[in-house]
2 protein chains.
Amino acid sequence: MDEEKKRKEDCPLCDKIEYSYQLIGKKWIGLIIHTLLDGPKRFSEIHAYIPDLSKRVLNERIKELEDCGIINRNVIPTRPIRTEYSLTIKGTELGKALVPVEQWAKKWL
Amino acid sequence: MDEEKKRKEDCPLCDKIEYSYQLIGKKWIGLIIHTLLDGPKRFSEIHAYIPDLSKRVLNERIKELEDCGIINRNVIPTRPIRTEYSLTIKGTELGKALVPVEQWAKKWL
DNA sequence: TAAATAGGTTATAAAAAGTAACTAACATCA
DNA sequence: TGATGTTAGTTACTTTTTATAACCTATTTA
């Protein structure tokens, strides 16, 4: 067995760390979570906050974040129908974990 | 002027926050910084730590991280020549800012 | 009736990342 | 001396992700 594989097997946390970096390493994920951290938002509101993010990709990201339990989708039965997205507890904690990165940005960029 | 543009102009930090998320939103950036946080490493060492990252992209990421002052490139004039990469202070602080994300991963994944 | 809004979907194009083979410069093995 | 290996990449080509823009259904407002 080669060294790098050995290292991975010896460290079950590495998978989780790697996974988390793949997650926030997807384009727009960080900004979407940041946007939702100050409260639930509708599809078009998120889109207005991040205008460079296309609706197609926003929709894709929302589904991915739902699938991994980071956001909730709430369909509000008003007329016209509205869908609201909010962070789960898991998602809120990820959002809070990203705050130091924002502070770094404030200081260094 | 539309609302989203207004919001951006009202918040000069938004650019920095957005930029930081685009930075860590690039594939492999987080893991590379994480890897260098425990000490300087050579090209092939980083590659051994992150075997799924191709040499082509590793090289590209290294250049990008150098360009934005996050890592240093040290050519060591041994025979054969070795290059060592280390985090700058700016880079080290980014690495530390990412630790809460790793703790989140440990807890939730 | 016409245009607008909300929350998407679709088709297609461009950009980013993956794969594998190749290189230069030297070192070691036999 | 020649074959093989190492380090730090580069190159050409393929696949995957993102971007762009048009379209859609249901409903509301002018």
Side-chain angles (χ1 to χ4, degrees), chain A residues 2-5 8 18-19 21-33 35-36 39-68 71-86, chain B residues 1-7 18-19 21-36 39-68 71-87:
Chain A
D2 43 25
E3 274 311 302
E4 56 268 24
K5 278 205 173 167
K8 261 196 172 178
E18 201 171 323
Y19 181 87
Y21 282 124
Q22 298 291 5
L23 182 69
I24 64 167
K26 292 209 102 174
K27 203 166 177 183
W28 306 113
I29 290 275
L31 269 179
I32 292 168
I33 292 169
T35 301
L36 290 175
K41 303 236 170 335
R42 282 178 292 128
F43 187 90
S44 53
E45 287 179 302
I46 301 171
H47 190 234
Y49 271 86
I50 317 172
D52 291 342
L53 163 59
S54 69
K55 292 196 286 179
R56 201 189 64 71
V57 175
L58 174 53
N59 198 42
E60 201 173 290
R61 289 296 171 273
I62 281 173
K63 277 173 190 155
E64 290 161 356
L65 289 169
E66 251 193 289
D67 286 348
C68 60
I71 66 176
N72 284 318
R73 182 175 198 263
N74 256 46
V75 178
I76 302 166
T78 51
R79 309 272 203 77
I81 215 164
R82 275 146 199 274
T83 45
E84 201 172 67
Y85 298 97
S86 57
Chain B
M1 187 189 299
D2 44 25
E3 273 312 303
E4 57 267 25
K5 279 206 172 167
K6 202 170 184 178
R7 183 190 60 83
E18 201 171 323
Y19 181 88
Y21 282 125
Q22 299 292 4
L23 181 69
I24 64 166
K26 292 208 103 174
K27 204 166 176 183
W28 305 114
I29 289 274
L31 268 178
I32 292 168
I33 292 170
H34 167 85
T35 301
L36 290 175
K41 304 237 169 334
R42 284 178 292 128
F43 186 89
S44 52
E45 287 178 303
I46 302 172
H47 190 233
Y49 271 86
I50 317 172
D52 291 343
L53 163 58
S54 70
K55 291 195 285 179
R56 199 188 64 72
V57 174
L58 174 55
N59 197 43
E60 201 173 289
R61 288 299 169 273
I62 282 173
K63 278 174 190 154
E64 290 161 355
L65 289 169
E66 250 193 291
D67 286 348
C68 61
I71 66 176
N72 284 318
R73 181 175 197 264
N74 256 48
V75 178
I76 303 165
T78 51
R79 309 274 201 75
I81 214 164
R82 275 148 200 272
T83 44
E84 201 173 68
Y85 297 98
S86 57
L87 292 173

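What you see is a predicted model; the values in this text were computed from it and never measured. Lettering of chains follows the sequences in order, A, B, ..., and the numbering in each one begins at 1.
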Whole angstroms only, please: what is the NZ-P distance between B/Lys41 and D/dA8?
13 Å
I'd like to check A/Asn59 versus A/Lys63 (side-chain heavy atoms, cut-off strictly below 4.5 Å). Are they in contact?
yes
Does any N or O in the side chain of B/His47 come within less than 3.5 Å of the main-chain N or O of B/Leu53, such that one atom is a donor and the other an acceptor?
yes
Within this structure, what is the CD1-to-C1' distance between A/Ile29 and D/dT18, rounded to whole angstrom?
13 Å
Rounded to the nearest 0.5 Å, how far does CG of A/Asp67 lie from CG of A/Leu65?
9.0 Å
Set of salt bridge (charged side-chain N to carboxylate O under 4.0 Å, His left out) partners for A/Glu84, sequence neighbours left out:
none
Using five pairs at either end of the helix from C/dT1-D/dA30 to C/dA30-D/dT1, determine the angle between the two local helix axes and round it to 10 degrees.
10°
Tell me the interatomic distance from A/Phe43, atom CZ, to D/dA26, atom P, rounded to whole angstroms.
18 Å
Calculate, to the nearest 0.5 Å, the distance between atoms CD1 and OG belonging to A/Ile71 and A/Ser86 respectively.
8.0 Å
B/Glu45 side chain to B/Arg42 main-chain N or O, any donor-acceptor pair under 3.5 Å?
yes
Reading DNA chain C from 5' onward, which residue's closest nucleotide shows up sooner: A/Glu45 or A/Lys27?
A/Glu45
Atom pairs, protein N/O to nucleotides 21-25 of chain D N/O, distance under 3.5 Å:
none

Please determine if A/Lys41 forms a cation-pi arrangement with A/Tyr85, meaning its NZ or CZ atom is less than 6.0 Å from the six-membered ring centre and no more than 45° off the ring axis.
no
Gap between atoms CD and P, on A/Glu84 and C/dA6 respectively (whole Å)
13 Å
With a 4.0 Å limit, can you tell me whether B/Ser54 has a side-chain N or O closer than that to the phosphate oxygens OP1/OP2 of C/dA17?
no
With a cut-off of less than 4.0 Å, is there a side-chain N or O of A/Tyr85 near OP1 or OP2 of C/dA6?
no
Would you call B/Tyr19 and B/Cys68 a side-chain contact if the rule is heavy atoms closer than 4.5 Å?
yes
In whole angstrom, give the distance that lies between atom NZ of A/Lys26 and atom C1' of D/dT17.
8 Å
Using a cut-off of strictly less than 4.0 Å, decide whether A/Thr83 has a side-chain nitrogen or oxygen near OP1 or OP2 of C/dG8.
yes
OP1 or OP2 of C/dC26 sitting under 4.0 Å from any side-chain N/O of B/Arg82?
no
Do the side chains of A/Thr83 and A/Ile76 get nearer than 4.5 Å, heavy atoms only?
no
When the distance from CD of A/Gln22 to P of D/dT16 is rounded to whole Å, what number comes out?
16 Å
For DNA chain D, what residues of residues 59-67 of chain B have any heavy atom nearer than 4.0 Å?
B/Asn59, B/Lys63
Residue A/Val57, side-chain heavy atoms: nucleotide from C/dA17, D/dG9, D/dT18 that is nearest:
D/dT18
Under the side chain to side chain donor-acceptor pair (under 3.5 Å) rule, collect the residues that match up with B/Glu60, sequence neighbours excluded.
B/Arg56
In whole Å, what is the span from the CG atom of A/Leu58 to the C1' atom of C/dG8?
10 Å
Quickly work out the A/Trp28 CH2 to C/dA16 C1' distance and round it to whole Å.
14 Å
Side-chain atoms of residues 24-34 of chain B: list all donor-acceptor pairs with protein atoms under 3.5 Å, sequence neighbours left out, distances to 0.1 Å.
from    : atom 1 : to       : atom 2 : distance (Å)
B/Lys26 : NZ     : B/Glu64  : OE2    : 3.3
B/His34 : ND1    : B/Glu102 : OE1    : 3.4
B/His34 : ND1    : B/Glu102 : OE2    : 2.7

Minimum side-chain heavy-atom gap A/Glu18-B/Asp52 below 4.5 Å:
yes
